[in-house]
S.K.: 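To start, I am sharing the structure in question, which I have written as structure tokens.
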Protein chains: 2
Amino acid sequence: MATIKDIAQIVGVSCTTVSNVIHGKSGRVSAETISRINDAIETLGYVPNMSARSLVSNSSKVIGVINHLVPSSSGSFVEDPFHSAFIGSIEHTLRKNGYYLMLRTVEDSNDLISFLRNWNVDGMFFTGIFKDEFFETLSKFDIPVVLVDSYIKQSNMYNVGLEDYKGGYLATRYLIEQGHKNIIFASPFIKPNGVVDERLKGYKQALLEASLPFREDFIYQQEIHVENGIDLGKKLAKRNDFTAVFATADILAAGIMAGLQQSGKKVPDDISMIGFDDINLCQLTTPSLTTIHQDATLKGELAVDFMMKRLEGVPIKNKEVILPVSLVKRNSVKKINGQI
Amino acid sequence: MATIKDIAQIVGVSCTTVSNVIHGKSGRVSAETISRINDAIETLGYVPNMSARSLVSNSSKVIGVINHLVPSSSGSFVEDPFHSAFIGSIEHTLRKNGYYLMLRTVEDSNDLISFLRNWNVDGMFFTGIFKDEFFETLSKFDIPVVLVDSYIKQSNMYNVGLEDYKGGYLATRYLIEQGHKNIIFASPFIKPNGVVDERLKGYKQALLEASLPFREDFIYQQEIHVENGIDLGKKLAKRNDFTAVFATADILAAGIMAGLQQSGKKVPDDISMIGFDDINLCQLTTPSLTTIHQDATLKGELAVDFMMKRLEGVPIKNKEVILPVSLVKRNSVKKINGQI
DNA sequence: TTGTAAGCGTTATCAG
DNA sequence: CTGATAACGCTTACAA
């Protein structure tokens, strides 16, 4: 555990000089001293103590990735493969820029604030659904916050979002174009102004344009879990008043499809299915799943991009970036003539 | 940002007393002072500065979860849903015990050591494949290390493993029992003493017991990726000298199955498939995937269990825990009479 | 070009 | 029961 003091002692200079060399303020030090210091750093294997740095400067180089702890399921938070790819992307970019990533779930805003202060966190990413309360609390701190998949706007916060509305619209319109008139909408619980709500709006708009009625009894909400999807599929198999399902997550879609199939329904012959996300699972189901595509890695990169710019004081023109979505046609939707 | 000093000032006591109260050394402080200090802590919203603590004590409360950065793919490290569940489980348990989780990929052992010293990390988890070099380096440090899915044994390291050998054996024997004689073994690259190698040994043993020859040309290795699986499936579809495939990961198995099906092969009628892990994807494929089951959450909990015991100095009788595996029969394996 | 010294928030030692 | 004070490793005015 070599320290700056050790280096200074060995080379025969003061701590200041060593510190200066480390930080590349070489203009103030003679070339010879620099190389001797660098040698010593090398041979002693000196590495800065981040805690000490963090204490004296007001930057900790720690970035938090915050997840809301869903009370029900214990460790469920990274279950979504999409989320994983996203975190991987963040870690990678952060690291390249000299930052460290702390993964943290929080139960309430007190939890959050404590964490923030405990480590003097430089910035935070939020992914997923949080209560508004969180953001109100957070807006009091002058710390960069990047919100992923959230429609909350606050002064010190940046949003990385998706064309959710468009995604919902595209999926639904496509089904309608294929002759479907009675379309189930399956999703996690719909929170006002959340991503799902946007997708639902897109769904409604597509119906409206086609002069189809919006039916409350076509909306199904549940936690996103394979098992829930399968159960829902089985339940739906008993209804005979619909021909298509739009699920706002591929996992859910795949689950529903499996449930339907297990109950003797054929996809897409009896029921057409469309998902959302385009995770690699889509290529593995039979039939392969038609879905709305989004790019998780890019999402992560853009999120970090925001963060880095803010941390380095680069001016940001636009506080929001919306990733495009697109329809990926595979084999789970069938054209029908709409007689139901 | 209230500090201990602030509290001390307001209550009219010294820092020492405040610190003592915070740490519950209440025996040394009057009841009245205690409650006044606690009140002040409450109203000022005091939260300890971990950097300062870390600097003075030699515990940082930071636990690293280390992933080896596969040079090829940029942010691939948490892509595996299994791995995600595992990390979620770790974060949860760690948090309950007052620790913080830093996620970090490393490129080489220098990276690792730097990270270690940067934060004075209290302990580390390793998941996945690392070069032996890493562990040699690491064994010089007196820091608890928990290895997941690794067969490396070192003095200060603990292993959380799986019955990999048994898994490979069970899968293969089951196929043989169903009449299969020519069984492809598909896996990621086989590293001596790695988990895959163990599974391969189980495969060989099952063959041996059935007096079936081991054929080098039945072994396929590639990175685990859905696309690779699909490609392999298509390639395999051109061979006619086998009736079953054992893939050492469900993702791979599902990919191969899709590739086979896309090439006109029927599963399980033409080819039987068996996977490994039992991720929820298994229930979503058609046919559903027969596989070897393991419990990711439990794995995470046991890993943290080791860590906590070591950190708290609880004596550990056994430095290794091996989780059981079991065969889960679904619909991707067919009984044949073995004429090929 | 280099050195001195104060201070970041906390804990620990020792004295009162 | 309580309080000074030093120390952890580092940065940064300011001085030389």
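Chain letters run A, B, ... following the sequence lines, proteins first and then strands; every chain starts at 1. Note that the structure is predicted; figures quoted are calculated from it, not measured.
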S.K.: Nearest-Å distance, CD1 (A/Ile4) to C1' (C/dT2)?
M.R.: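 Value for this atom pair: 15 Å.
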S.K.: Ring centroid separation for B/Phe126 and B/Phe135, is it under 6.0 angstrom?
M.R.: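 Between B/Phe135 and B/Phe126, which both carry aromatic rings, the centre distance is below 6.0 Å.
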S.K.: Looking at B/Asp295 and B/Lys299, is any side-chain nitrogen of the basic one under 4.0 Å from a carboxylate oxygen of the acidic one?
M.R.: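 So B/Lys299 does not pair with B/Asp295 through a salt bridge.
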S.K.: How many Å lie between CD1 on B/Ile7 and C1' on C/dT11, as a whole number?
M.R.: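 In whole Å, C/dT11 C1' lies 16 Å from B/Ile7 CD1.
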S.K.: Between A/Ser51 and B/Ser54, do the side chains contain a donor N or O and an acceptor N or O under 3.5 Å apart?
M.R.: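 Yes, a side-chain donor-acceptor pair sits under 3.5 Å.
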S.K.: Identify, residue by residue, the members of residues 46-63 of chain B with a heavy atom below 4.0 Å from DNA chain D, and return them in order of residue number, or none.
M.R.: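 Only B/Leu55, B/Val56 qualify.
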S.K.: Rounding to a whole Å, what distance do you find between A/Asp6:CG and D/dG9:C1'?
M.R.: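 Distance check: A/Asp6 CG to D/dG9 C1' gives 10 Å.
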S.K.: Please determine whether any donor N or O and acceptor N or O are separated by less than 3.5 Å between the side chain of B/Thr16 and the base of C/dA12.
M.R.: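 Yes, a donor-acceptor pair under 3.5 Å.
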S.K.: Between OG of A/Ser60 and CH2 of A/Trp119, what distance do you get to the nearest 0.5 Å?
M.R.: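 Interatomic distance, A/Ser60 OG to A/Trp119 CH2, rounded to 0.5 Å: 9.0 Å.
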S.K.: Please say whether the positively charged group of B/Lys61, taken as NZ for Lys or CZ for Arg, lies over the ring of B/Tyr100, i.e. under 6.0 angstrom from the six-membered ring centre and within 45 degrees of the axis.
M.R.: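 Judged by the rule, B/Lys61 and B/Tyr100 form no cation-pi pair.
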S.K.: With the threshold set at 4.0 Å, does a side-chain nitrogen-carboxylate oxygen contact exist between A/Arg95 and B/Glu107?
M.R.: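 Yes, this pair counts.
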S.K.: So that I can tick it off, tell me whether B/Arg310 and B/Asp122 are bridged by a salt bridge, with the cut-off set at under 4.0 angstrom between side-chain N and carboxylate O.
M.R.: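 Here B/Asp122 does not pair with B/Arg310 in a salt bridge, since their nearest N and O are not under 4.0 Å apart.
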S.K.: Can you figure out which of D/dC8, D/dT11, C/dG3 approaches the side chain of A/Ser19 most closely?
M.R.: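 Output: D/dT11.
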S.K.: When you check the phosphate oxygens OP1 and OP2 of C/dG9, does a side-chain N or O of B/Thr3 lie under 4.0 Å from one of them?
M.R.: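 Looking at the OP1 and OP2 atoms of C/dG9, neither is under 4.0 Å from any side-chain N or O of B/Thr3.
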S.K.: Rounding to an integer number of Å, can you tell me how far A/Lys5 NZ sits from C/dG3 C1'?
M.R.: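 After rounding, the reported distance stands at 15 Å.
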S.K.: How close or far is atom P of D/dC1 from atom CZ of B/Arg36, stated in whole angstroms?
M.R.: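 In whole Å, D/dC1 P lies 15 Å from B/Arg36 CZ.
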S.K.: Can you check the A/Leu44 CG to D/dG9 P distance for me, whole Å?
M.R.: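 After rounding, the gap between these two atoms is 14 Å.
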S.K.: Whole Å only: how far is the CG atom of A/Asn20 from the P atom of C/dG3?
M.R.: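 The answer, rounded to whole Å, is 11 Å.
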S.K.: Rounded to the nearest Å, what distance is computed from the CD atom of residue A/Gln9 to the C1' atom of nucleotide C/dT2?
M.R.: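 For the pair A/Gln9 CD and C/dT2 C1', the rounded distance is 17 Å.
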